[in-house]
Amino acid sequence: MDTLISLHSTVAYVVLAFLVLSFVNALTGVLVSRGFGSRDFRLSLFGLIFSHIQLLLGVVVYFVSPYFSAWENGMGAVMKDATLRLFLVEHPTTNVLAIVLITMGWSLHKKATNSRKKFFRIAVFYGLGLLLLLSRIPWQQWP
Ligand code: HEM
């Protein structure tokens with residue numbers, strides 16, 4: 001249980017690092033109008049893969065976390081407590097939505113017919129996903 005939680009905590013660095021790199025890389029790609037190459041493809045793919053690994057880990061962590069038993073006291077008790085609400089409701093729902101956006105960005109970039117569109121779609125969707133993730137990281141206890 002503790003191993004899974006600390007793995008989720010460690011993979012978070014990797015996910016955020018790849019998403020920041022992919023986003024900045026895509027943004028500069030749009031700004032300087034360069035061609036979308038295999039390095040750009042790989043960087044965004046790693047962002048996608050680690051987000052999905054973190055999603056799977058998060059789902060398991062959700063059920064093994066000591067916070068989970070708070071549901072026994074009902075929805076009202078969870079929603080009234082800011083920490084429980086963050087870990088049991090806000091962090092999971094926001095992060096699932098963020099990963100949906102990142103996945104959409106990935107598949108839309110593949111459908112794009114030119115480099116500018118590819119960079120643009122990655123920048124917008126990965127950027128929005130990243131903002132959502134950063135908004136619900138438990139900063140008071142991490143890193
Ligand atoms: C890319 C997506 C995600 C990132 C970057 C992320 C990041 C984090 C971080 C940094 C922590 C704090 C760990 C610590 O205190 O050492 C955490 C805790 C937690 N995360 Fe996530 N998370 C993500 C997705 C998810 C998802 C999708 C779920 C559930 C479906 C989830 C459930 C949890 C839970 C329950 C905890 C609290 C664990 C505990 O301390 O008992 N996470 N997450």
Side-chain angles (χ1 to χ4, degrees), residues 1-32 34-112 115-143:
M1 177 183 99
D2 284 351
T3 319
L4 278 172
I5 296 174
S6 59
L7 191 62
H8 185 69
S9 171
T10 309
V11 173
Y13 290 102
V14 186
V15 177
L16 295 176
F18 272 117
L19 292 178
V20 169
L21 287 175
S22 307
F23 169 69
V24 173
N25 181 64
L27 197 63
T28 57
V30 174
L31 295 176
V32 305
R34 57 185 173 84
F36 190 96
S38 62
R39 188 186 145 275
D40 306 299
F41 181 89
R42 254 181 283 131
L43 191 56
S44 335
L45 179 59
F46 278 121
L48 178 82
I49 290 173
F50 280 104
S51 307
H52 283 210
I53 292 174
Q54 184 72 331
L55 174 67
L56 293 178
L57 275 173
V59 172
V60 181
V61 163
Y62 191 85
F63 295 103
V64 302
S65 161
Y67 293 112
F68 186 69
S69 60
W71 281 120
E72 286 164 14
N73 305 321
M75 182 82 163
V78 169
M79 297 307 276
K80 257 184 247 154
D81 182 310
T83 306
L84 293 176
R85 195 172 63 239
L86 175 66
F87 285 115
L88 295 175
V89 182
E90 297 172 351
H91 176 83
T93 48
T94 309
N95 291 0
V96 168
L97 185 64
I99 296 168
V100 167
L101 285 173
I102 291 163
T103 311
M104 283 171 65
W106 172 257
S107 49
L108 287 172
H109 112 275
K110 283 179 86 181
K111 294 200 181 85
S115 292
R116 198 186 145 75
K117 273 191 188 159
K118 284 182 189 290
F119 280 131
F120 186 75
R121 290 176 180 181
I122 294 283
V124 170
F125 284 87
Y126 279 42
L128 286 174
L130 190 56
L131 272 182
L132 287 182
L133 292 178
L134 293 176
S135 77
R136 287 298 174 273
I137 293 282
W139 294 112
Q140 71 286 4
Q141 65 170 63
W142 186 86

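Since the model is a prediction, treat every value here as computed from it, not as a measurement.
- Atom CZ in F18 sits 10.0 Å away from atom CG in L45 (nearest 0.5 Å).
- Contact annotation: the side chain of Y62 never approaches that of Y67 to less than 4.5 Å [non-hydrogen atoms, C-beta and beyond].
- Within the model, atoms CG of L19 and CD1 of I102 stand 4.5 Å from one another, a figure rounded to the nearest 0.5 Å.
- Contact check for D40 versus R34: side-chain heavy atoms found under the 4.5 Å cut-off.
- Around atom CZ of F120, no more than 12 heavy atoms belonging to other residues, nucleotides or ligands sit under 6.0 Å away.
- When side chains are defined from C-beta on, I53 counts as touching I49, because their heavy atoms get closer than 4.5 Å.
- Annotation: side chain of Y13 is in contact with side chain of W142 (closest heavy-atom distance under 4.5 Å).
- Of the possible donor and acceptor atoms, none in the side chain of H91 sits under 3.5 Å from a partner among the backbone N and O of L86.
- How far CG of L88 is from OG of S65: 6.5 Å, rounded to the nearest 0.5 Å.
- Between W139 and L134 the shortest side-chain heavy-atom distance falls below 4.5 Å.
- Annotation: side chain of N73 is not in contact with side chain of V78 (no heavy-atom distance under 4.5 Å).
- In this structure, F68 has its ring center closer than 6.0 angstrom to the ring center of F63.
- A distance of 11.0 Å separates CG of L43 from OG of S38, quoted to the nearest 0.5 Å.
- The shortest side-chain heavy-atom distance between N95 and L55 does not fall under the 4.5 Å cut-off.
- Without hydrogens or angle criteria, R136 side chain to T94 main chain gives no donor-acceptor distance under 3.5 Å.
- Taking the six-membered ring where the residue is Trp, H109 and F41 present tilted rings, their angle falling between 30° and 60°.
- In this structure, the side chains of T28 and F119 stay at 4.5 Å or more apart for every pair of heavy atoms.
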